[in-house]
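Just so we're on the same page: letters track the sequence lines, and every chain starts at 1. Quick caveat: nothing in here was measured; it's all calculated off a predicted structure.
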There are 2 protein chains.
Amino acid sequence: MKPSIDDVAEAAGVSRTTVSRVLNNRGYISQKTKDNVYKAMKEINYIPNDLARSLFNKRTHIIGLIVPKTSNPFFGELAFHIESICASFGFKVLLCNSVNRMDKEEKYLEMLLRNQVDGVIVVTYNRGIMNYHRENFPVVAVDHYLSEKIPVVGSDNYDGGKQATELLLKKGCRHIIHINGPIELETPANLRRKAYEDIMMENGRTPITYEVSNTFDQQIHRELICKLFDEQPEVDGIFASDDLIAASVMAEAKKRNKVIPSQLKVVGYDGTETGQILLPELTTIQQPIDLIAKTAIDILLKEIEGEFNDLPLETCLPVTLIEGGST
Amino acid sequence: MKPSIDDVAEAAGVSRTTVSRVLNNRGYISQKTKDNVYKAMKEINYIPNDLARSLFNKRTHIIGLIVPKTSNPFFGELAFHIESICASFGFKVLLCNSVNRMDKEEKYLEMLLRNQVDGVIVVTYNRGIMNYHRENFPVVAVDHYLSEKIPVVGSDNYDGGKQATELLLKKGCRHIIHINGPIELETPANLRRKAYEDIMMENGRTPITYEVSNTFDQQIHRELICKLFDEQPEVDGIFASDDLIAASVMAEAKKRNKVIPSQLKVVGYDGTETGQILLPELTTIQQPIDLIAKTAIDILLKEIEGEFNDLPLETCLPVTLIEGGST
DNA sequence: CTGAAAGCGCTTACAG
DNA sequence: CTGAAAGCGCTTACAG
């Protein structure tokens with residue numbers, strides 16, 4: 001059996017209350033007792049049971065993180081930063097990959113509540129998750145509106161879409177097409193599309209957006225891209241709403257012998273570390289993933305401290321245009 | 001306050017024992033009582049506290065996962081599969097990013113033990129982690145030897161290295177250089193290097209390996225690659241031990257106006273989904289990440305069930321050569 | 001078929 | 001400065 005606090009108490013010849021005190025460094029204890037207790041803990045190889053502590057304290061110092069999937073470089077990087085920052089605050093992370101499926105999101109959320117997490121950071125596309133939302137349960141959403149009361153942290157999608165579109169225009173593109181996710185999802189990413197449409201109109205062009213599903217099915221993405229090329233023979237600029245799609249666009253363009261950037265210019269979105277290494281030639285709008293993580297955690301920690309007023313309901317972090325050879 | 005089992009009992013007019021029974025579906029209970037209890041749970045919006053259950057059961061159904069960082073596509077994908085498969089077995093995952101730092105690995109491991117995880121899957125480069133290892137505590141290592149008793153799951157690194165080297169030879173490369181991690185780390189990945197060296201020798205060539213640190217510092221990788229090109233002007237084939245390094249090699253080659261594949265052929269390693277999408281032209285050795293995850297979990301679950309004998313101490317899963325335009 | 005009691009491993013008033 | 005007692009929210013023998 002694992003040694004318990006009583007075993008330590010016995011070994012040190014004190015009461016379990018005293019052991020608990022030195023463990024938590026609370027109250028007055030003589031140095032001698034302290035030393036004895038520490039020695040006993042070492043000797044019997046004692047490791048405190050955080051389950052029991054949490055049960056009493058009603059604080060687990062665990063947060064739940066729901067992302068679509070960490071294999072996607074954006075979410076993988078976000079998960080990395082969120083976990084790292086949490087660790088620096090003494091918080092732990094229960095990881096959940098929802099694959100954008102609402103049924104999974106709901107199950108995960110219930111699981112997290114059963115495990116008494118102190119809060120949840122959620123990157124999800126489905127509002128259904130709100131069924132479980134309780135008044136004053138700490139939740140922060142990344143890049144997606146969940147409800148009126150849940151703070152959202154994201155980057156300046158409108159500015160990103162604007163910069164991307166303006167760059168393509170500036171570079172002389174005449175037929176610029178946009179690829180984005182389903183518009184029904186109420187995500188700030190819709191602002192990328194909005195910006196694209198606004199800028200196009202301002203410049204007397206007709207905006208055309210192709211919608212890809214959010215199923216992570218590469219085959220479907222490829223088919224959509226083929227359709228785009230087939231239907232839009234004059235296309236000379238594409239602004240894709242993420243780098244993976246942009247990469248697929250570039251691959252398909254190569255197949256069709258369209259030379260990048262002379263015949264076709266491509267701009268992606270996200271600018272992850274991995275994207276920068278694997279596809280440095282792609283021009284992209286970089287999101288400040290570390291800042292998004294930091295901000296989301298700051299807000300979540302405030303909620304956990306019970307501060308539900310004065311929360312910034314929407315935080316918009318700056319994006320950076322990174323020009324590569326694809327434009 | 002959150003409703004407890006006693007609140008349910010009161011609402012349903014039964015004892016807390018009975019509520020517990022319907023919750024766990026154990027023992028005989030009349031259908032009528034069951035219905036009453038379920039109704040009461042719905043009414044007061046009851047969510048069982050898994051902390052309390054775990055405290056009693058001495059089982060949390062949580063496993064710890066220590067990876068270097070999920071922002072790396074290989075580990076991000078591994079984390080995704082591990083978490084997904086765990087979820088299908090009713091297990092949850094506490095995520096830890098060690099950034100390959102031994103001090104963090106140790107802290108994380110202690111944290112996991114305090115949280116009473118049922119087991120740990122660890123992808124780490126440091127044997128120090130074994131300081132905390134207790135007899136019969138469930139641990140599985142991925143791709144790295146931790147101790148004689150800890151099962152390791154990985155892919156066939158020797159075969160991967162062999163296939164990569166043989167391909168470059170077959171394609172006519174005369175000066176093939178290998179890039180790998182520090183040899184001190186006792187990882188099965190050393191076998192990639194061993195295979196490269198063996199095949200080179202068999203073919204009367206002199207193997208030359210450049211070692212990169214495992215610090216995730218891109219700048220250091222770039223510098224090493226520059227050094228390689230400077231020192232090895234005749235190089236016409238490079239086998240890199242992961243796809244990110246291979247990508248950096250290709251980028252540097254481009255800068256130096258070395259045409260791929262005619263003047264330089266490059267083979268990477270890992271073959272992640274993300275790599276396939278962002279850099280499909282890279283020839284690579286693909287690891288079966290989903291299978292690695294599945295196998296590691298199978299073994300871990302056996303350990304959790306107390307089966308520590310007859311464990312496969314080393315599992316070697318098959319790799320696949322994926323030929324792209326870089327060779 | 002159902003309930004009262006003890007206990008999982010902790011912490012914190014309350015006394016002394 | 002230290003300890004006995006109660007309790008966090010559950011589950012499981014043990015009785016009936």
Side-chain angles (χ1 to χ4, degrees), chain A residues 1-41 44-62 90 110-118, chain B residues 1-41 44-62 90 110-118:
Chain A
M1 277 313 301
K2 289 177 196 163
S4 79
I5 196 172
D6 287 320
D7 300 316
V8 179
E10 200 184 323
V14 296
S15 75
R16 76 147 146 274
T17 309
T18 302
V19 178
S20 176
R21 280 213 195 79
V22 344
L23 223 42
N24 294 290
N25 205 17
R26 219 189 296 288
Y28 297 94
I29 323 137
S30 73
Q31 190 57 47
K32 197 177 151 199
T33 315
K34 257 190 197 171
D35 294 343
N36 274 340
V37 171
Y38 280 125
K39 208 176 110 228
M41 295 197 304
I44 67 172
N45 214 338
Y46 173 68
I47 294 185
N49 185 329
D50 273 354
L51 247 41
R53 309 179 101 179
S54 297
L55 182 59
F56 186 93
N57 293 325
K58 297 178 178 314
R59 271 289 184 87
T60 53
H61 288 277
I62 298 178
E110 188 184 336
M111 178 276 277
L112 294 171
L113 293 175
R114 294 168 80 114
N115 281 274
Q116 313 299 118
V117 294
D118 292 341
Chain B
M1 275 311 302
K2 290 177 197 164
S4 80
I5 195 171
D6 287 320
D7 300 317
V8 180
E10 200 183 323
V14 295
S15 75
R16 75 148 147 278
T17 308
T18 301
V19 177
S20 176
R21 280 211 195 83
V22 345
L23 222 42
N24 295 288
N25 204 17
R26 221 190 293 289
Y28 297 93
I29 324 138
S30 73
Q31 191 56 46
K32 197 177 153 199
T33 315
K34 258 189 197 170
D35 294 343
N36 273 339
V37 171
Y38 281 126
K39 207 175 111 228
M41 295 196 305
I44 66 173
N45 214 340
Y46 173 68
I47 294 184
N49 184 329
D50 273 353
L51 247 41
R53 308 179 101 179
S54 297
L55 183 59
F56 186 93
N57 293 325
K58 300 179 177 313
R59 272 289 184 86
T60 53
H61 289 277
I62 299 178
E110 189 184 336
M111 176 277 275
L112 294 172
L113 292 175
R114 294 169 80 112
N115 281 275
Q116 313 300 117
V117 294
D118 292 342

[X] [atom1] to [N] [atom2], straight-line distance once rounded to whole Å:
X       : N       : atom1 : atom2 : value
D6(B)   : dG3(C)  : CG    : P     : 13 Å
N25(B)  : dC10(D) : CG    : C1'   : 17 Å
Q116(B) : dG9(C)  : CD    : C1'   : 9 Å
I5(B)   : dT12(D) : CD1   : P     : 11 Å
R53(A)  : dG7(D)  : CZ    : C1'   : 17 Å
R114(B) : dG9(C)  : CZ    : P     : 16 Å
I47(B)  : dC8(D)  : CD1   : P     : 19 Å
N49(B)  : dG7(D)  : CG    : P     : 18 Å

Inset, instruction - Treat a base pair as Watson-Crick or G-U wobble with both distances under 3.5 Å, then lay out DNA chain C in dot-bracket form, 5' to 3', with | for cross-strand pairs. - result: |||.||||||||.|||

Please confirm whether the shortest side-chain N or O distance from [X] to OP1 or OP2 of [N] is below 4.0 Å.
X      : N       : answer
T33(B) : dC1(C)  : no
Y46(A) : dC10(C) : yes
N57(A) : dC8(D)  : no
S20(A) : dT12(C) : no
K58(A) : dG9(D)  : yes

From [options], pick the nucleotide closest to the side chain of [X]?
X      : options                  : result
R21(A) : dG3(D), dT2(C), dT12(D)  : dG3(D)
S30(A) : dG7(C), dC1(D), dC10(C)  : dC1(D)
N24(B) : dT2(C), dC10(C), dT11(D) : dT11(D)
S4(B)  : dG7(D), dG9(D), dT11(D)  : dG9(D)

Legend entry - Minimum-distance pair of heavy atoms, taken over all atoms of T60(B) and Q116(B):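 Result for this residue pair: OG1-O, 2.8 Å.
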
Inset, instruction - Kindly give the heavy-atom pair with the smallest separation between L23(A) and Y46(A), and that separation in Å. - result: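 Between these two residues, the closest heavy atoms are CD2-OH, 3.8 Å.
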
Legend entry - Backbone N/O of L51(A) and side chain of N49(A): donor-acceptor pair under 3.5 Å: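 Side chain of N49(A) to backbone of L51(A), a donor-acceptor pair under 3.5 Å: yes, one is there.
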
Inset, instruction - Say whether, by atom type as modelled, one donor and one acceptor occur between the side chain of D7(B) and the main chain of S4(B) under 3.5 angstrom. - result: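 At least one qualifying donor-acceptor pair exists.
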
Legend entry - Spatial distance of atom CG (D50(A)) from atom CZ (R59(A)) [nearest 0.5 Å]: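 Answer for the CG-CZ pair, D50(A) versus R59(A), is 14.0 Å.
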
Legend entry - Distance, nearest 0.5 Å, that separates CG of D35(A) from CD of Q31(A):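 It is 4.5 Å, given to the nearest 0.5 Å.
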
Inset, instruction - Give the C-alpha distance, both sets of side-chain angles, the deciding distance and a yes or no for side chain to side chain contact (heavy atoms under 4.5 Å, CB included) between K34(A) and N25(A). - result: CA-CA 9 Å; K34(A) 257 190 197 171; N25(A) 205 17; 3.7 Å; yes

Inset, instruction - List the steps, then state whether side-chain hydrogen bond (donor to acceptor under 3.5 Å, both in side chains) holds for T18(B) with S15(B). - result: CA-CA 5 Å; T18(B) 301; S15(B) 75; 3.3 Å; yes

Inset, instruction - State which residue, out of N24(A), T17(A), V22(A), fulfils the side-chain contact (heavy atoms from CB on, under 4.5 Å) condition with S20(A). - result: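 When side-chain contact (heavy atoms from CB on, under 4.5 Å) is applied between S20(A) and each of N24(A), T17(A), V22(A), only N24(A) qualifies.
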
Inset, instruction - Have a look at L55(A) and say if it touches a base, only the backbone sugar-phosphate, or nothing, with a 4.0 Å heavy-atom cut-off. - result: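 Answer is base: heavy atoms of L55(A) come under 4.0 Å of a base.
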
Inset, instruction - Please work out if R26(B) contacts a base, only the sugar-phosphate, or nothing of the nucleic acid, heavy-atom cut-off 4.0 Å. - result: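 Sugar-phosphate contact only.
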
Legend entry - Worked verdict on R53(A) versus R114(B) for side chain to side chain contact (heavy atoms under 4.5 Å, CB included): CA-CA 10 Å; R53(A) 309 179 101 179; R114(B) 294 169 80 112; 2.9 Å; yes

Inset, instruction - Select from A52(B) and K34(B) the residue whose nearest nucleotide in DNA chain C is closer to the 5' end of that strand. - result: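 Closer to the 5' end of DNA chain C: K34(B).
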
Legend entry - Contacting residues from residues 8-19 of chain B, given that a heavy atom lies under 4.0 angstrom of DNA chain D: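 Nucleic-acid contacts, sorted: R16(B), T17(B).
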
